[in-house]
Amino acid sequence: MNRSSFWKRFWRRCRANPITLASLVVLALILLTAVVGPLLAPYDPLKPDFLALSQGPSAKHWFGTDQLGRDVFSRVLHGAGYSISIGLLSVALGLVLGAVMGLVAGFVGGRVDAWLMRVVDVLLAFPGILLAILIVSIFGSSYVNVVVALAFFSVPTFARIARASTLSIRNLDYVQAAEALGVHPLRIMFRHILPNATAPLVVYSTLRCASAILGGAALSFLGLGVAPPTPEWGLMIAQAREALRSAPHIMLFPGLAIFLTVLAVNILGDALRDVLDPKLKT
């Protein structure tokens, strides 16, 4: 499928389903907020206002204020950049590492395949979030360490998918013809096999972004994510626990932002799967 036909099919799929189209609009707005949100924020997200502690939503503060008087709307806008970038960067890093590992394992085979898959098995033996907690606990809590921890969370599944796709493509005629012509193995792997193995990787990457955003929020909620007073959505929810009964709006709006983002990504991931799945093209 060429690029233009892919986007045409994807757009038709979105127009055919109002929920998918709404998810596309919501996700586009959230991504736009992540980019330009700091420019739109009416207040400094880190500056306290002790004369406006825990105020509810109003014309002056659309989402209210938190326990320190900071504007929740401004903090949610700034937090979009942190939460979305954690999800995207961790999935991109996990995709690169996992795809290369699975591609090499499936193409080379033998002992290389056996050793690489045993490494994957060891990583899969840990529940994903526990593996991320372990890495952050060892190296410390910071933005970079959270991205790395969530990337390792994604590597095993990406490696399995890439290996399975490589094994299904490895013995096709055009790959064997390239080998017979003496094409370098690296060129065969990255020029002939990888482009034809991208569909399942792309679909899983979309779905994994939602899990990575939730994972980053969970680490921040547990105190293992970005450091305060960074306006990250999970950290905002963690800091709002003590005021849940008296000022529920402090937790409501960052929680709603996470919910809408994850829901939109999952719905668009299903649409993307339908477009790329050859069994559903009819």
Side-chain angles (χ1 to χ4, degrees), residues 1-14 20 87-128 131 150-212 215 265-282:
M1 182 188 302
N2 59 50
R3 187 175 301 178
S4 60
S5 63
F6 164 76
W7 288 114
K8 288 179 181 178
R9 286 180 55 83
F10 182 71
W11 177 240
R12 285 201 301 267
R13 176 67 174 79
C14 291
T20 305
L88 293 178
L89 291 177
S90 61
V91 170
L93 181 58
L95 171 62
V96 171
L97 296 177
V100 171
M101 184 181 296
L103 187 63
V104 172
F107 184 80
V108 177
R111 291 186 178 181
V112 174
D113 182 19
W115 280 103
L116 288 177
M117 288 302 101
R118 296 300 76 76
V119 173
V120 170
D121 290 339
V122 170
L123 294 177
L124 287 173
F126 291 90
L131 178 61
L150 293 174
F152 275 94
F153 175 17
S154 305
V155 165
T157 309
F158 279 123
R160 288 285 189 184
I161 294 174
R163 177 180 180 270
S165 299
T166 302
L167 289 175
S168 64
I169 299 171
R170 177 73 172 81
N171 295 319
L172 295 181
D173 292 340
Y174 70 90
V175 177
Q176 294 183 350
E179 291 180 334
L181 292 173
V183 178
H184 195 280
L186 289 178
R187 181 174 176 81
I188 295 176
M189 284 192 292
F190 292 100
R191 180 67 178 83
H192 298 285
I193 296 179
L194 183 59
N196 293 285
T198 54
L201 292 173
V202 169
V203 173
Y204 185 73
S205 297
T206 307
L207 300 176
R208 177 57 75 178
C209 278
S211 300
V265 170
N266 280 329
I267 292 176
L268 289 177
D270 289 339
L272 191 62
R273 180 206 59 198
D274 295 344
V275 172
L276 292 174
D277 191 344
K279 297 179 181 178
L280 300 177
K281 288 183 180 179
T282 56

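All residue numbers in this chain count up from 1 along the given sequence.
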Working for side-chain contact (heavy atoms from CB on, under 4.5 Å), residues M117 and R160: CA-CA 8 Å; M117 288 302 101; R160 288 285 189 184; 3.8 Å; yes
Pair D113-R118, salt bridge (Lys or Arg N to Asp or Glu O under 4.0 Å): steps then yes or no: CA-CA 9 Å; D113 182 19; R118 296 300 76 76; over 6 Å; no
From CA spacing to verdict: side-chain contact (heavy atoms from CB on, under 4.5 Å), M189, L194: CA-CA 6 Å; M189 284 192 292; L194 183 59; over 6 Å; no
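Of the inter-residue distances, the one linking L201 atom CG with S165 atom OG reads 6.0 Å to the nearest 0.5 angstrom. Atoms OG1 and CG, on T157 and L95 in that order, are 12.0 Å from each other to the nearest 0.5 Å. With rounding to the nearest 0.5 Å, the separation of CG in L116 from CG in L103 is 11.0 Å. Here L186 contributes atom CG and F107 contributes atom CZ; the two are 8.5 Å apart, rounded to the nearest 0.5 Å. Expressed to the nearest 0.5 Å, how far CG of L89 lies from CG of L93 amounts to 8.5 Å. For the atom pair CD1 (I193) and CZ (R170), the distance works out to 6.0 Å, reported to the nearest 0.5 Å.
Smallest separation of non-hydrogen atoms from P156 and L123: CG-CB, 3.4 Å. G106 and L167 make their closest contact through O-CD2, 3.5 Å (heavy atoms, listed as atom of the first residue, atom of the second, distance). Counting all heavy atoms, side chain and backbone alike, A212 lies closest to L150 at O-CD1, 3.5 Å. Residues V120 and A159 approach most closely at CG2-CB, 3.8 Å, considering heavy atoms. Shortest non-hydrogen contact noted between G94 and S154 is CA-CB, 4.4 Å. Shortest non-hydrogen contact noted between L207 and G269 is CD2-CA, 3.9 Å.
When the ring-ring contact (aromatic ring centres under 6.0 Å, His included) test is applied to F153, no partner is found at least two apart in sequence or on another chain. Scanning for salt bridge (charged side-chain N to carboxylate O under 4.0 Å, His left out) contacts around R187 gives an empty result, with sequence neighbours left out.
Atom OH of Y204 has more than 12 neighbouring heavy atoms from other residues, nucleotides or ligands inside a 6.0 Å radius.
Of the residues L268, V265, N266, the one that meets the side chain to side chain contact (heavy atoms under 4.5 Å, CB included) test with C209 is V265.
The side-chain tip of R208 does not point at the ring of F158 from less than 6.0 angstrom away and within 45° of straight on.
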